[in-house]
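Notes follow once the structure below has been shown.
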Amino acid sequence: QVQLVESGGGLVQAGGSLRLSCAASGRTFSGYTMGWFRQAPGKEREFVAAIRRSDGSVKYVDSVEGRFTISRDTAKNTGYLQMNSLKPEDTAVYYCAARPGLILPTSRDEYVYWGQGTQVTVSS
């Protein structure tokens, strides 16, 4: 089993920044992908970004490209989502997810492990 714990959410004004962290523990493995998803009230959980632990390859949803940066610290088994130029429409609960393997899926069904989520609220 892999446990994922997110932190770093909060309230920020539009144009501001936040950095989310996702600490992985338990049965971690060298070849896995970590992803970030978000879910706004009344909406489906949507893909935000993913990173391959082995080589740092990344993928983003178009709406955050150029504003968000996903990264990882392999020594700490921790992933990050740096969010800049935040907009009110970025308001959501953000979830960290992980899956074994080397692909970078965007479907939530492809991910095996999930964190509890952290709230991000962007005021206008």
Side-chain angles (χ1 to χ4, degrees):
Q1 276 287 19
V2 175
Q3 292 79 44
L4 302 174
V5 178
E6 303 101 333
S7 60
L11 172 65
V12 65
Q13 288 189 331
S17 298
L18 282 174
R19 188 176 83 153
L20 306 183
S21 299
C22 176
S25 62
R27 182 183 171 273
T28 55
F29 28 82
S30 59
Y32 70 85
T33 293
M34 179 176 282
W36 288 94
F37 288 74
R38 65 186 179 186
Q39 187 167 16
K43 294 189 176 182
E44 294 288 319
R45 190 172 300 186
E46 66 168 351
F47 170 79
V48 176
I51 187 166
R52 184 183 297 146
R53 184 185 186 276
S54 58
D55 64 2
S57 296
V58 299
K59 182 181 291 184
Y60 298 96
V61 68
D62 288 347
S63 59
V64 309
E65 185 87 51
R67 299 189 298 124
F68 291 10
T69 302
I70 189 171
S71 62
R72 87 279 190 244
D73 184 328
T74 55
K76 295 181 179 179
N77 274 329
T78 299
Y80 305 96
L81 186 68
Q82 176 67 44
M83 305 185 295
N84 299 329
S85 302
L86 282 162
K87 304 175 181 180
E89 51 264 42
D90 295 318
T91 295
V93 177
Y94 282 70
Y95 296 90
C96 172
R99 68 178 305 282
L102 301 178
I103 64 172
L104 294 170
T106 60
S107 169
R108 59 179 293 186
D109 294 336
E110 296 283 349
Y111 289 82
V112 177
Y113 306 103
W114 291 86
Q116 81 287 354
T118 185
Q119 177 70 46
V120 171
T121 303
V122 184
S123 63
S124 57

Residues in side-chain contact (heavy atoms from CB on, under 4.5 Å) with [X], at least two apart?
| X | value |
| --- | --- |
| Ala23 | Thr78 |
| Val5 | Gln116 |
| Ala50 | Thr33, Phe47, Leu104, Tyr111 |
| Ser107 | Asp109, Glu110 |

Can you name the nearest heavy-atom pair linking [X] to [Y], along with the distance?
| X | Y | answer |
| --- | --- | --- |
| Glu6 | Trp36 | CG-CZ3, 3.9 Å |
| Arg99 | Pro105 | CD-CG, 3.3 Å |
| Val2 | Ala24 | CG1-CB, 4.5 Å |
| Thr69 | Tyr60 | CA-OH, 3.3 Å |
| Ser124 | Ala14 | CA-CB, 4.4 Å |
| Ser17 | Gln82 | CB-NE2, 3.9 Å |

* To do: Could you go through the side-chain contact (heavy atoms from CB on, under 4.5 Å) check for Val120 and Val93 one step at a time?
  => CA-CA 6 Å; Val120 171; Val93 177; over 6 Å; no
What is the distance from atom [atom1] of [X] to atom [atom2] of [Y], rounded to the nearest 0.5 Å?
| X | Y | atom1 | atom2 | answer |
| --- | --- | --- | --- | --- |
| Thr74 | Asp55 | OG1 | CG | 11.5 Å |
| Ile51 | Ser57 | CD1 | OG | 8.0 Å |
| Asn77 | Ser25 | CG | OG | 8.5 Å |

* Asked: Distance under 6.0 Å and angle within 45° of the ring axis: does Arg45 meet both against Tyr95?
  -> yes
* Quick one: does Thr91's side chain have a donor or acceptor within less than 3.5 Å of a partner on Val122's backbone? -> yes
* To do: Examine distances only and state if a side-chain atom of Arg108 and a backbone atom of Phe37 form a donor-acceptor pair shorter than 3.5 Å.
  => no
* Asked: Can you pull the disulfide bond (SG atoms under 2.5 Å apart) pairs that have at least one residue in residues 68-124, sequence neighbours excluded?
  -> Cys22-Cys96
* To do: Return each pair, listed once, that meets disulfide bond (SG atoms under 2.5 Å apart) where at least one residue sits in residues 32-92; pairs must be two or more places apart or across chains.
  => none
Are any non-hydrogen side-chain atoms of [X] and [Y] less than 4.5 angstrom apart?
| X | Y | result |
| --- | --- | --- |
| Arg52 | Tyr32 | no |
| Val48 | Leu81 | yes |
| Leu20 | Ser7 | no |

* Asked: Who pairs with Arg19 by salt bridge (Lys or Arg N to Asp or Glu O under 4.0 Å), at least two apart in sequence or on another chain?
  -> none
Holding to side-chain hydrogen bond (donor to acceptor under 3.5 Å, both in side chains), I want the full list of residues that pass it with [X], two or more places apart in sequence or in another chain.
| X | answer |
| --- | --- |
| Asp62 | none |
| Gln119 | Thr121 |
| Thr106 | none |

* Under a 4.5 Å side-chain heavy-atom rule over Ile, Leu, Val, Met, Phe, Trp and Tyr, are Val112 and Leu4 clustered together? -> yes
* **salt bridge (Lys or Arg N to Asp or Glu O under 4.0 Å) contacts touching residues 64-91 (sequence neighbours left out)** => Arg38-Asp90, Arg67-Asp90
* Pairwise ring pair (Phe, Tyr, Trp, His ring centres under 6.0 Å) hits with a residue in residues 61-85, at least two apart -> none
